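This report refers to the structure that appears directly beneath it.
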Amino acid sequence: MAREAVIVGVGDVPLSDGKVVGGGSVLQVQARAANAALKDAGISMADVDGLLVAGLWGVPGPGMLPSVTLGEYLGIHPRFADTTNIGGSAFEAHVAHAAMAIERGYCDVALIVYGSTQRSERSRTLGGRPSILTMQFENVWGIPQPVGGYALAAKRHMHEFGTTQEQLAEIAVATRKWASLNPAATKRDLISIDDVMDSMPISDPLKLLDCCLVTDGAGAVVMTSAENAKAHGAKAIHVRGFGEAHTHWSIGAMPDLARLTAAEMSSRTAFEMAGVSHEAIDLVECYDSFTITVLMTLEALGFCKPGEGGAFVSGQRTAPGGAFPLNTNGGGLSYCHPGMYGIFLLVEAVRQLRGEAGERQVDNVRTALVHGTGGTLSSGGTVILANH
């Protein structure tokens with residue numbers, strides 16, 4: 001019988017005004033997150049034999065041999081490595097890949113890590129995406145990347161379904177309410193719909209408060225077999241289902257600007273594997289690079305029909321005390337966003353499932369859905385987790 005893979009540890013690093021407390025290089029902040037997650041799991045670095053990492057922001061030649069570089073820095077020699085990088089959803093894909101590796105015996109303890117010091121280095125610009133051939137139809141017109149692509153999708157969604165800027169603002173306001181309950185969040189002051197509407201235009205129709213933060217950050221997840229978790233006395237979170245997909249890179253090649261096809265594909269696979277209904281999901285943590293990302297993701301995941309996302313999030317439904325708890329740590333809009341955010345979705349979901357989320361803890365959480373988005377609405381990774 002195949003071994004069952006479980007999550008047994010999560011960790012991150014503290015931030016102050018969006019910068020890593022104490023400073024440090026990308027490798028240093030990743031090491032801190034890794035050590036925190038391993039301590040949480042009660043497992044030593046010496047026991048790690050699987051390493052999964054997506055890029056090393058700030059290291060010369062970003063993306064070059066990331067697992068080899070980080071493995072050397074951490075002093076581990078993994079027998080299973082995965083450097084899949086499909087953007088912010090990479091870490092949900094890593095959970096899937098680690099689960100399969102553990103179940104097949106390719107490794108016993110898998111460490112998933114990401115870190116970035118982009119705010120400290122001020123490395124992101126409006127032209128943050130490379131001018132490669134597949135961006136030839138966007139960059140030549142000066143479209144700001146990545147916000148311009150998301151703005152085009154927002155405009156199309158508004159055109160087809162009548163979605164409003166006020167409905168997008170509901171997401172930013174609700175997410176900030178969750179952040180106000182999280183001492184680790186970068187932005188904690190409450191905001192209103194009017195505050196979002198009156199914030200600086202960035203790329204029509206998206207305003208400043210529709211956009212994610214630009215911060216440092218690092219996070220890590222530890223996975224092992226259920227048997228090994230029991231031996232270490234670790235609190236095991238079960239991986240019930242997962243899926244991944246990608247459909248395009250440049251926004252001009254997106255199959256449908258008003259539909260998040262990759263999320264539809266990845267979530268369908270995850271739900272089928274988990275064998276649960278949407279009604280069984282107690283909590284959703286989904287990528288919120290921009291408010292439109294959240295709205296389109298909720299539709300694609302099947303929590304509402306296409307075009308109904310605006311109505312679904314209205315009335316602060318996703319805020320604390322609302323009927324649909326969403327992005328409970330404050331998300332990329334208010335907690336942190338260090339280039340790729342998907343690792344933090346997993347960290348928060350695990351803490352909620354273990355009842356360790358403090359003031360923002362949602363009652364009676366048994367099953368959580370985590371969904372990452374990468375690129376310009378390009379890729380999707382869905383994971384369904386449970387504490388039973």
Side-chain angles (χ1 to χ4, degrees), residues 5 7-13 20 23-41 43-118 120-121 123-124 128-130 132 216-225 228 244 246 249 338-344 346-347 372 374-375 379 381:
I7 296 175
V8 290
V10 293
D12 51 15
V13 297
V20 173
S25 68
V26 175
L27 290 171
Q28 287 174 320
V29 300
Q30 289 192 114
R32 293 175 202 164
N35 279 311
L38 287 164
K39 182 179 179 180
D40 184 48
I43 295 175
S44 71
M45 187 74 75
D47 291 326
V48 175
D49 58 353
L51 183 60
L52 302 91
V53 56
L56 292 167
W57 285 61
V59 173
M64 293 295 292
L65 305 178
S67 67
V68 177
T69 304
L70 184 60
E72 178 184 87
Y73 190 81
L74 296 177
I76 58 177
H77 303 154
R79 57 192 180 99
F80 174 78
D82 186 350
T83 58
T84 298
N85 191 346
I86 53 174
S89 60
F91 314 100
E92 285 66 43
H94 287 174
V95 168
H97 301 174
M100 290 186 283
I102 290 167
E103 289 168 0
R104 292 294 300 272
Y106 287 114
C107 67
D108 293 316
V109 178
L111 175 63
I112 304 169
V113 191
Y114 175 72
S116 164
T117 53
Q118 65 168 13
S120 294
E121 297 171 2
S123 59
R124 180 185 281 187
R129 298 299 172 91
I132 57 177
D216 298 343
V221 173
V222 179
M223 297 179 63
T224 189
S225 65
N228 196 30
E244 63 187 275
H246 54 77
W249 169 236
M340 295 194 290
Y341 181 72
I343 192 80
F344 303 98
L346 294 161
V347 171
S379 67

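Just so you know, these numbers use all the heavy atoms, side chains as well, and skip hydrogens, waters and symmetry mates. On a predicted model such as this, the values are computed, not experimentally measured, just so you know.
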Does [X] have any side chain to side chain donor-acceptor pair (under 3.5 Å) partners at least two apart in sequence or in another chain, and if so, which?
X	answer
D40	R354
H97	D82, E244
D49	R79

Check [X] against [Y] and note the closest heavy-atom contact, atom names and distance.
X	Y	answer
Q118	D216	N-OD1, 3.3 Å
M45	A34	CE-CB, 4.4 Å
A90	T84	CB-O, 3.7 Å
F80	L52	CE2-CD2, 4.1 Å
V53	P66	CG1-C, 3.7 Å
S67	A81	OG-CB, 3.9 Å

Original post:
Does the S116 side chain pair with the main chain of G339, one donor and one acceptor, at a distance under 3.5 Å?
Top reply: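 No; judged by distance alone, with no hydrogens or angles, the pair does not exist.
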| query | Do side-chain atoms of T224 reach the backbone of D108 as a donor and acceptor pair under 3.5 angstrom? | reply |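 Looks like yes, one N/O pair under 3.5 Å.
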- Item | S89 and S379: side chain donor to acceptor below 3.5 Å |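 Per modelled atom types, S89 and S379 side chains form a pair under 3.5 Å.
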(Q) Side chains of N228 and S225 only: does a donor on one sit below 3.5 Å from an acceptor on the other? (A)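 There is no such pair between these side chains.
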Spatial distance of atom [atom1] ([X]) from atom [atom2] ([Y]) [nearest 0.5 Å]:
X	Y	atom1	atom2	answer
Q30	Q28	CD	CD	11.0 Å
I76	L51	CD1	CG	4.5 Å
Y106	M100	OH	CE	10.5 Å

Only one of V48, L38, I112 passes side chain to side chain contact (heavy atoms under 4.5 Å, CB included) with V222, and that residue is L38
- Message: Which residue is it: L74, V221, L70, D47? I am looking for the one with a side chain to side chain contact (heavy atoms under 4.5 Å, CB included) to L111.
- Response: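 Result: among L74, V221, L70, D47, L74 is the only option passing the side chain to side chain contact (heavy atoms under 4.5 Å, CB included) with L111.
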Worksheet entry | Identified ring-ring contact (aromatic ring centres under 6.0 Å, His included) partner of Y114 from the options Y341, F91, F344 |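 Testing each of Y341, F91, F344 against Y114, the sole residue satisfying ring-ring contact (aromatic ring centres under 6.0 Å, His included) is F91.
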